[in-house]
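One structure is given here, and the rest of the page talks about it.
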Amino acid sequence: GGNLISHAGAGLLAEFASSCGLREGFARAMRPTFQRRSHRDCGAVLVGIATMLADGGDCLTDIASVRELPELSDLIPSDSTVWRTMAAVGETELSRLRSARARARQAVWSAGGGPTGPLFLDFDASLVTSHSDKEKAAGTYKGGYGYHPLLCFLHPVAEALAGKLRPGNAGSNTAADHIEVLEMALEQLPSDITTTHAVIARSDSAGASHDFVNELRRRNIQFSVGLDLTAKVRTAILAMPERAWVPAVTADNEERDVEEASVCELTGLELSSWPAGTRAICRREIPHPGAQMTFSDANGYRFQVIITDRANRDIAYLEANHRNHARVEDRIRCAKATGMRAFPFHSFAMNEAWLEMILAATDLMSWVQRLCLNKVQQGWEPKTLRYRLFHLAGRLTESGRRLCLKLDARASHAHDLVVAWTTLRSLSFST
């Protein structure tokens, strides 16, 4: 077997990055950092890193797996040169890379990959363990050690809009960090997005800060955030008459038994300090067997409260819609399977660049799924994509000065990869 490659399907990601302008955007972002005329193609290097992460790599040397790809072969230099490229990413370069992602996003949306209906900005933070002493790594509130990045994902298209790498001791409900990530997320979207789409920010109780909510109101963004069960909140819940409770609904909009799960609007809770129109909606539910009760639970129910300024009268719908925020945990889990399980560098700046490449890899997979794969394949998680498409083996041949990739027709998903590649080459991107 000569000219065999083992990650042929990952070339689909690399070609998509070139087609939508991401590679050229990365190259322009890094060009000012190198003065020589003949220097490496930084766009190819960074796209190679993003492709490697989407392909399952979790350290810089794993980029060897993409050096054999036709789209990136001869363009990915040595490991030390790749390392120097990452080391050259400072605050200015990081801002340019984010702008390049935003332009690529617009190109993808122009090709038919844009979302329809309301846009939900889902905020959440997650702890990432560091097993060695790295710059700005710190102890976490769970007794671990590492980093505490704050992320924002776009629902329903599962795109990774923004992320801020923070020390492990960063607060969960730091309003300044939420506002900074909000600004970075909005920079990834069209400037008139709040006039063309309803935009709703969702968060758990970490987002229930006056500064963050006021900033959302200033930017014409609706909010739906969790609220801690303080003594005043518990008193308001227990004061609600039984007739105020209505059946909760499932994600499929089916009513639950009112005795098992119900919702009501807390009319007796003082909300004057929040933006005008803020409402509090409470959900009560019989805990699942084996769940541990707390002192704040009453009459066998477990309570959860959200505050929102959405005007829909159907409180069961609003509460069920907020529960969809839990999908952000799946997005973070997939991000951790795409290089965010650990930050490999000692330098905090290089780890920030690593996080940006993780967001780019997440976007690439989301874009390829929406524009090149069928409905079933669009629901595949990263591991499934890798084992069924990206890790397919192939043979490179050259005929008539053309490089060809040949797949074994007996491979289970070889036809799916061919269809995806054909679909990609039929797309029209406005770059």
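Predicted model only: the values in this text are computed from it and were never measured.
In summary, Asp416 and Arg388 do not engage in a salt bridge, as defined by a charged side-chain N under 4.0 Å from a carboxylate O. Taking the charged nitrogens against the carboxylate oxygens, Asp79 and Arg67 do have a contact shorter than 4.0 Å, which makes a salt bridge. A salt bridge is defined here as a Lys NZ or Arg NE, NH1 or NH2 lying under 4.0 Å from an Asp or Glu carboxylate O, and Glu183 with Arg219 meets this definition. Salt bridge Asp408/Arg395: absent, no basic N to carboxylate O contact under 4.0 Å. Look at Asp330 and Arg327 and you find no salt bridge, because none of the NZ, NE, NH1 or NH2 atoms lies under 4.0 Å from a carboxylate O. Salt-bridge formation is not detected for the pair Arg386/Asp55: no Lys NZ or Arg NE/NH1/NH2 atom is positioned less than 4.0 Å from an Asp or Glu carboxylate oxygen. A salt bridge links Glu285 to Arg283: at least one charged side-chain nitrogen sits closer than 4.0 Å to a carboxylate oxygen. Under a 4.0 Å N-O distance rule, the pair Glu187/Arg98 does not qualify as a salt bridge. Comment: Arg323 engages Glu319 in a salt bridge, judged by a side-chain N to carboxylate O separation of less than 4.0 angstrom. Between Lys164 and Glu352 there is no salt bridge, since no side-chain N of the basic residue sits under 4.0 Å from a carboxylate O of the acidic one.
Minimum interatomic distance between Tyr145 and Ala137 (heavy atoms only, all atoms of both residues): OH-O, 3.4 Å.
Ring to ring, Phe429 and Phe16 are close: their centroids are under 6.0 angstrom apart.
Figure legend: cation-pi geometry between Arg284 and Phe303 absent, as NZ or CZ is not positioned both under 6.0 Å from the six-membered ring centre and within 45° of its axis.
Ring planes of Tyr141 and His148: tilted class, angle from 30 to 60°. Ring geometry for Phe123 against His178 counts as tilted: the plane angle lies between 30° and 60°, on a 0 to 90° scale. Between Tyr147 and Phe343, the ring planes lie perpendicular to each other; the angle is over 60°, past the 30° to 60° tilted range.
Of the candidates Arg96, Arg23, Arg103, Arg103 is the only one forming a side-chain contact (heavy atoms from CB on, under 4.5 Å) with Arg28.
For the salt bridge (charged side-chain N to carboxylate O under 4.0 Å, His left out) condition, the pairs that include at least one residue of residues 120-131, sequence neighbours left out, are Asp122-Arg202.
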